[in-house]
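Below is one structure; the comments refer to it alone.
Computed from a prediction, not measured in an experiment: that's the story for all the values here.
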Amino acid sequence: TLYRSQRRGGKGKIGMETKEEDFVERLFCASTLDYLLFFTDKGRVYWLKVYQVPEAGRTARGKAIVNLIAKAADEQITAVLPVKEFSEDAFLIMATADGTVKKTSLSAYSNPRSAGIIAINLKEGDNLINVQQSTGESQVLLATKHGMAIRFKESDVRDMGRATTGVRGIHLRAADLVVGMELIHTGKETILSATETGFGKRTEASEYRIQTRGGTGLINIKTGGRNGDVIGIACVDDDDEIMMISAMGKLIRMPVKGVSIIGRNTKGVKFLDVGDGDKVVSLAKLAERDEAELAELEGEAEGGEPEVGPAAE
């Protein structure tokens with residue numbers, strides 16, 4: 001909350017040094033005996049019980065995840081999932097940069113090792129980009145950096161073992177990569193797409209008609225020219241907020257309700273004025289907070305306890 005919401009199209013704010021930029025992307029309610037699964041871009045998963053996460057005060061910065069799990073130095077965490085029990089009726093849906101998707105029963109990940117286990121076998125040069133938990137009844141939406149997207153039934157992806165490669169989710173054209181995966185549950189959601197030059201748009205999920213898995217998909221947003229490539233997508237509604245960060249450390253936090261809903265094959269509007277030589281590198285939907293907590297934090301910022309941390313304005 002130290003990065004105040006701004007109107008879209010603004011110049012954003014500098015979040016101190018680049019390495020200090022941070023924000024809350026996921027907020028979990030969990031008991032001490034629940035589990036956290038950490039998935040990395042190299043296709044491995046690490047397992048941690050909630051009680052192993054050091055308890056700290058509300059304003060504390062917490063402890064770096066690298067100090068809690070034994071991941072390799074060249075691995076980057078791409079997804080974190082809270083798990084109460086490893087049920088056979090729940091599934092993990094994974095997506096990789098080269099368009100592969102995989103569905104595996106959550107129960108296959110119930111026996112971890114301290115050095116991590118294989119979550120998905122990756123081909124050379126491929127990376128795991130996202131993992132989400134599902135019930136098996138959703139649809140999968142994949143979006144690419146060249147502005148394509150495909151939506152298909154989760155049931156089109158057969159359940160397979162843990163140390164497997166997966167199946168083709170989208171057929172990529174030359175030099176294209178998958179940059180985002182979202183699960184569609186009702187078809188009433190909206191999909192927000194953002195590009196490297198700070199432009200973006202929001203489109204109703206129903207405009208992405210359900211297709212056969214493995215096709216080339218539909219145009220999601222026009223790329224090239226003023227827009228450049230797509231850097232990410234997020235499944236959002238009017239009550240959500242997003243954060244965008246540029247390579248030079250500029251960021252903007254903005255409410256989704258300020259972004260009009262428009263069609264798929266469009267250019268969108270300016271979200272962030274990045275300036276010459278800079279580009280947007282990350283998009284995230286912010287964690288939800290309840291109204292009481294927000295009121296408390298706003299009160300502190302206006303004259304209660306001093307704001308803390310390197311991002312305090």
(request) Evaluate the salt bridge (charged side-chain N to carboxylate O under 4.0 Å, His left out) criterion for residues K42 and D126: first the C-alpha distance (whole Å), next the side-chain angles of each, then the deciding distance (0.1 Å), finally the verdict. (result) CA-CA 8 Å; K42 304 301 181 184; D126 197 10; over 6 Å; no

With distance as the sole test, does [X] use its side chain to make a donor-acceptor pair with the main-chain N or O of [Y] at under 3.5 Å?
X: R44; Y: A115; answer: yes
X: D229; Y: E196; answer: no
X: E154; Y: S138; answer: yes
X: R213; Y: D156; answer: yes
X: T223; Y: H146; answer: yes
X: D41; Y: N127; answer: no
X: T190; Y: V236; answer: yes
X: E75; Y: A72; answer: yes
X: N227; Y: K222; answer: yes
X: R264; Y: I219; answer: yes

Cut-off 3.5 Å, no hydrogens considered: what does the side-chain donor-acceptor table look like for residues 98-109, sequence neighbours left out?
unit_1, atom_1, unit_2, atom_2, d
D98, OD1, T96, OG1, 2.7
D98, OD1, T100, N, 3.2
D98, OD1, T100, OG1, 2.9
K102, NZ, A119, O, 2.8
K102, NZ, G161, O, 3.1
K102, NZ, R162, O, 2.2
K102, NZ, T164, O, 3.4
K102, NZ, T164, OG1, 3.3
K103, NZ, V157, O, 3.1
T104, OG1, M160, O, 3.1
S105, OG, S107, N, 3.3
S105, OG, S107, OG, 2.8
Y109, OH, A119, O, 3.0

Would you kindly confirm whether [X] and [Y] end up in one hydrophobic cluster when ILVMFWY residues are joined by side chain heavy atoms under 4.5 Å apart?
X: I184; Y: L142; value: no
X: L177; Y: L218; value: no
X: L81; Y: F91; value: no

Counting only heavy atoms not in [X], do more than 12 fall under 6.0 Å of its [atom1]?
X: R226; atom1: CZ; result: yes
X: K123; atom1: NZ; result: no
X: D74; atom1: CG; result: yes

(request) Identify the heavy atoms of G263 and T266 that sit nearest to each other, and give their distance. (result)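 Heavy-atom minimum between the residues: O-OG1, 2.7 Å.
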
(message) For a quick test of reading the model, state the closest non-hydrogen atom pair linking V259 to M254 and the distance between them.
(response)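 Residues V259 and M254, closest heavy atoms: CG2-CE, 3.4 Å.
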
Going by atom types alone, do [X] and [Y] pair a side-chain donor with an acceptor below 3.5 Å?
X: T216; Y: H171; result: no
X: Q76; Y: T40; result: no
X: Q52; Y: Y35; result: no
X: T186; Y: E189; result: yes
X: N220; Y: S193; result: yes

If you define the side chain from C-beta out and look only at heavy atoms, does anything of [X] sit under 4.5 Å from [Y]?
X: V53; Y: L36; value: yes
X: K267; Y: K201; value: no
X: F38; Y: K71; value: no
X: V256; Y: I242; value: yes
X: V140; Y: R151; value: no
X: M181; Y: I93; value: yes
X: V230; Y: I221; value: yes
X: F152; Y: I170; value: no

(request) I would like to know whether R253 and M244 meet side-chain contact (heavy atoms from CB on, under 4.5 Å); could you show each step before the answer? (result) CA-CA 7 Å; R253 172 182 172 175; M244 295 173 65; over 6 Å; no

(request) Could you walk me through whether S246 and D278 pass the side chain to side chain donor-acceptor pair (under 3.5 Å) test, one step at a time? (result) CA-CA 7 Å; S246 78; D278 198 6; 2.6 Å; yes

(request) Using a strict cut-off of less than 4.0 Å between a Lys/Arg side-chain nitrogen and an Asp/Glu carboxylate oxygen, indicate whether E241 and K285 qualify as a salt bridge. (result)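 No, this pair does not count.
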
